Amino acid sequence: MKKIFLIAVLLVVVFVVYWFKFRADDTPEASKQQALKVGKHSTAFNSSIDSLVQAYLEIKNAFVEADSLKAKQAGNAFVVFVSRVNIDELKKDTTSIFETAAGFLNDVKASAEGMGKGQNITDMRQDFKSISDNMYPFLRAIHYEGKNLYWQNCPMAFGEDKPANWISNTKEILNPYMGKKHPEYKSSMLHCGEVQDTIKAQ
């Protein structure tokens, strides 16, 4: 009786070893793979993003100077650079990065086109706010690989408790919503704001 019991225990042990060692190897290979990281971008892609960022900064600088004509011209040039960005290479990644980036880029373009039709600098700055609000997550989504940029905020861009953000290539606050010639504050609020985030190369 004891011999039969020992044989039964041995069979159970053999079965358990087989199950955990050999059956685990039968797991489909696809289920073992981890999601691939976003790949490095091509030189052409990074160049188009750098040009887009530079065109955006031209708009920002025009608003700092309170120059609505220059801002409109910079906005029209910016639309051209948006159209030149080819994000097709993002399709190679295993995430939904392409769809996400395309959505933000379309919103950026729509706001830029609207800014070109603005009747006054306040309306144009509202469109610039929308551009900024979509540019920031766009750069995050594509895993931006350029020079450091800074996500900055003014808590009263359009009045009390009406904040707005923008992207800058320097830590220094040069507020595009207040500018140098604000109708109420003149240039006294030019440096109003703070850096909320740094967009670093990934």
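Here the structure is a predicted model, which means the values were calculated and not measured.
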Check whether any side-chain N or O of [X] sits under 3.5 Å from a backbone N or O of [Y] as a donor-acceptor pair, and report yes or no.
X      : Y      : answer
Glu194 : Cys154 : no
Thr198 : Lys200 : no
Ser96  : Glu99  : no

Could you tell me if the side chain of [Y] sits less than 4.5 Å from the side chain of [X], heavy atoms only?
X      : Y      : answer
His143 : Lys40  : no
Gln54  : Phe78  : no
Arg84  : Ser51  : no
Tyr136 : Leu149 : no
Asn175 : Val64  : no
His41  : Leu90  : yes
Pro155 : Asn153 : yes

Considering all heavy atoms, the nearest [X]-[Y] contact:
X      : Y      : answer
Ser130 : Asn134 : O-ND2, 2.9 Å
Ile142 : Ala101 : CG2-CB, 3.8 Å
Pro163 : Lys129 : O-CE, 3.5 Å
Ser168 : Leu57  : CA-CD2, 4.1 Å
Tyr150 : Asn148 : OH-CB, 3.9 Å

If you round to the nearest 0.5 Å, how far is [atom2] of [Y] from [atom1] of [X]?
X      : Y      : atom1 : atom2 : value
Ser187 : Met178 : OG    : CE    : 12.0 Å
Arg140 : Trp151 : CZ    : CH2   : 10.5 Å
Asn61  : Glu58  : CG    : CD    : 6.0 Å
Met135 : Ile199 : CE    : CD1   : 8.0 Å
Ile167 : Leu139 : CD1   : CG    : 5.0 Å
Phe138 : Leu105 : CZ    : CG    : 4.5 Å

Just grab all the ring-ring contact (aromatic ring centres under 6.0 Å, His included) pairs involving residues 100-130, residues at least two apart or on different chains. Tyr56-Phe128, Phe63-Phe128, Phe128-Tyr177
Answer yes if Leu190 and Val195 sit in the same cluster of Ile, Leu, Val, Met, Phe, Trp and Tyr residues linked by side chain heavy atoms under 4.5 Å apart, and no otherwise. no
Applying the 4.5 Å side-chain criterion to the ILVMFWY set and letting contacts propagate, would Ile173 and Met189 be lumped into a single cluster? no
For Lys72, does the NZ atom have more than 12 heavy-atom neighbours from other residues, nucleotides or ligands under 6.0 Å away? yes
Crowding at CG, Asp88 (>12 non-hydrogen neighbours, <6.0 Å): yes
With side-chain hydrogen bond (donor to acceptor under 3.5 Å, both in side chains) as the criterion, how do Gln152 and Asn165 come out once you've worked through the C-alpha distance, each side chain's angles and the decisive distance to 0.1 Å? CA-CA 5 Å; Gln152 301 177 334; Asn165 289 72; over 6 Å; no
Restricting to pairs with a member in residues 110-126, which pass side-chain hydrogen bond (donor to acceptor under 3.5 Å, both in side chains), not counting sequence neighbours? Asn120-Asp123
Is Glu65 paired with Lys180 through a side-chain N to carboxylate O contact shorter than 4.0 Å? yes
For a side-chain contact (heavy atoms from CB on, under 4.5 Å) check, start with the C-alpha distance between Trp166 and Leu174, then their side-chain angles and the critical distance, and finish with the verdict. CA-CA 10 Å; Trp166 71 94; Leu174 293 173; over 6 Å; no
Does Lys109 form a side-chain contact (heavy atoms from CB on, under 4.5 Å) with Val79? I'd like the steps, not just the answer. CA-CA 6 Å; Lys109 185 177 181 180; Val79 171; 4.2 Å; yes
What verdict does the side-chain contact (heavy atoms from CB on, under 4.5 Å) test give for Ile87 and Phe98, after you've listed the backbone C-alpha separation in whole Å, the side-chain angles of each residue and the deciding distance to 0.1 Å? CA-CA 7 Å; Ile87 61 173; Phe98 172 79; 3.5 Å; yes
Applying side-chain contact (heavy atoms from CB on, under 4.5 Å), run through Glu172 and His191 and close with a yes or a no. CA-CA 8 Å; Glu172 181 186 10; His191 302 291; 3.7 Å; yes
Under 3.5 Å side-chain donor-acceptor pair for Tyr144 and Asn46: no
